[in-house]
Each structure stands twice: as C-alpha cells, then as structure tokens.
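Side chains included, hydrogens not; waters and symmetry mates left out as well; all remaining heavy atoms used. The first residue of the sequence shown is numbered 1, and numbering continues consecutively from there. Quick caveat: nothing in here was measured; it's all calculated off a predicted structure.
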Amino acid sequence: MASSSLQICALLLALAGFTCLIVTTMSNRWKILDTPTELVTADWISEGLWMDCAATALGSEQCKKFLYMLSADTHIQACRALMITSILLGFIATVLSLLGLKCTNIGLSDEDGKMKFTVTGGFLFILGGLCSMVAVSWYAAMITAQFFDQLYHGTKYELGGALYLGWAGSVLFMLGGIILTCSCKGKQKQSY
C-alpha cells in the first residue's frame, strides 16, 4: 500500500509540474523591460515565446503576436520546440503512468506489465523535465548574456516571472518522474 500512495504522490507532483510548464509555455513574461531606465512610453514591456506585450499605468495592454514563426532568433525557435516536446512527453507519460499505477484497474492486470508502464512514464517525465529545463535555462542565459554585454546596444531585458515558473515546473516534473520510477520494485526471486 505504501508503494501505491507513493506512486499517487509522484504522479501528482509530475502533474503539478506539467501544469506549470503549460502556463510557462503560453506566458508572455519570459523577459521584461525595466522601463524607468529606458525612454519608452509604456510602463512595462514583456516578451514570451509567441508574442510581446506593452502596458501603461492606465491599465491598457497591447500584445502583438510574432508575425513569422521562422523569423525569430534561433534560441527562441529551439526553446519553442523544447517546451512543446516537454509538454507532449508529459502527456504521454501521464497516460502511461495512469495505466501503470497499482491502484488502477484500467488496461493491464499483470503486475510486471503495470510496472513497465509506470517506469516508462516516470522516465518520460524525467526526459520532459530535462527538455524544459534546457529551454528555460538557455533562454535565461541569452537574456543575461545580452544584459551584461557592454557591446550589445539593443534593448536590455531582465528575467521574467515565467522563467522561474518554468524552473519550478521542470524540477517538479523530474522529481515526480524519479519518485515514480523508484517506486516500482521488481519481483524478488525466492531462494531455495
């Protein structure tokens, strides 16, 4: 019974990370601009993987989608691909893990088959967490490199809140996958 409750807790951790990563991917707060230091009419400017937004003190906010998917920088395209891959792996891992939990009667009734499903789901959670961790860390590295580069004369952004949510979601994803994988024990051979 302890293994079954451990599997449920691991799946809930991974699902919390999955939710965080979906919100992170859709967010437009990957990088923000501190406007008091810049000559800009907006109070804050932020940019995500899919659009950039500007807001004023009066509460009006304007968001503009990126017109061409392939015209974005290489690291943005790679981060998009990694985040989408992470979400797809998380969805497949969720289905496999639900089928493989000890407390579910869906699908297989064989103990070894359920264990293989659960271990595969846990491994996919870990792999999805690594994909999203790479994407978020790479994006943050590009922001900080531009911010501290003295020769860069473009707009210098700072890290946005979506990056922190992405790191938290990646850790929860991997932690849930590790616990889910470790909660499966093989059959012990009897010694004669």
Side-chain angles (χ1 to χ4, degrees), residues 11-95 124-178:
L11 185 62
L12 289 176
L13 272 176
L15 287 176
F18 184 67
T19 306
C20 288
L21 291 179
I22 288 175
V23 171
T24 299
T25 304
M26 295 176 5
S27 176
N28 57 1
R29 307 260 315 161
W30 282 59
K31 60 182 178 180
I32 56 174
L33 177 64
D34 186 21
T35 56
T37 60
E38 303 287 332
L39 296 174
V40 183
T41 58
D43 283 338
W44 61 264
I45 297 174
S46 65
E47 189 175 308
L49 294 178
W50 313 103
M51 69 177 71
D52 58 349
C53 294
T56 63
L58 299 175
S60 66
E61 181 177 356
Q62 286 186 318
C63 291
K64 178 179 66 169
K65 290 183 180 180
F66 297 135
L67 294 177
Y68 304 106
M69 297 251 328
L70 299 177
S71 66
D73 293 337
T74 307
H75 75 279
I76 294 176
Q77 291 179 14
C79 289
R80 287 176 181 168
L82 285 169
M83 292 302 287
I84 290 172
T85 302
S86 175
I87 290 171
L88 289 176
L89 286 173
F91 178 75
I92 295 169
T94 301
V95 172
L124 289 178
F125 276 130
I126 295 168
L127 190 61
L130 287 174
C131 285
S132 59
M133 183 68 79
V134 166
V136 173
S137 299
W138 188 4
Y139 199 93
M142 294 303 289
I143 293 171
T144 54
Q146 290 174 354
F147 188 82
F148 291 113
D149 187 7
Q150 299 295 329
L151 300 176
Y152 181 73
H153 295 293
T155 306
K156 295 191 176 191
Y157 288 91
E158 296 177 9
L159 301 178
L163 293 178
Y164 299 108
L165 186 64
W167 278 315
S170 299
V171 168
L172 288 174
F173 226 40
M174 290 187 288
L175 186 63
I178 290 169

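Pairs engaging residues 130-144 under the salt bridge (Lys or Arg N to Asp or Glu O under 4.0 Å) rule: none recorded [sequence neighbours left out]. Applying the side-chain hydrogen bond (donor to acceptor under 3.5 Å, both in side chains) rule to pairs touching residues 12-25 yields nothing, sequence neighbours excluded. A salt bridge (Lys or Arg N to Asp or Glu O under 4.0 Å) check over residues 132-144, counting only residues at least two apart or in different chains, returns nothing.
When the side chain to side chain contact (heavy atoms under 4.5 Å, CB included) test is applied to L88, the partners found at least two apart in sequence or on another chain are I84. Not counting sequence neighbours, the partners of V95 by the side chain to side chain contact (heavy atoms under 4.5 Å, CB included) test are F91, L99. With sequence neighbours excluded, the residues satisfying side chain to side chain contact (heavy atoms under 4.5 Å, CB included) with M26 are I22. Listed by chain and number, the residues in a side chain to side chain contact (heavy atoms under 4.5 Å, CB included) with D52 are E47, K64, F66 (sequence neighbours excluded). Partners of C20 under the disulfide bond (SG atoms under 2.5 Å apart) rule, at least two apart in sequence or in another chain, do not exist in this structure.
Minimum heavy-atom separation, S46 to N28: OG-O, 2.9 Å. Nearest approach of L49 to C79, heavy atoms of both residues: CD2-CB, 4.0 Å. When all heavy atoms are compared, the tightest approach of G17 to F173 is C-CD1, 3.9 Å.
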Show me, pair by pair, the donor-acceptor contacts under 3.5 angstrom made by side chains of residues 127-139, not counting sequence neighbours?
from: S132; atom 1: OG; to: G128; atom 2: O; distance (Å): 3.3
from: S132; atom 1: OG; to: G129; atom 2: O; distance (Å): 3.0
from: S132; atom 1: OG; to: S170; atom 2: OG; distance (Å): 2.7
from: S137; atom 1: OG; to: M133; atom 2: O; distance (Å): 2.8
from: S137; atom 1: OG; to: W167; atom 2: NE1; distance (Å): 3.1

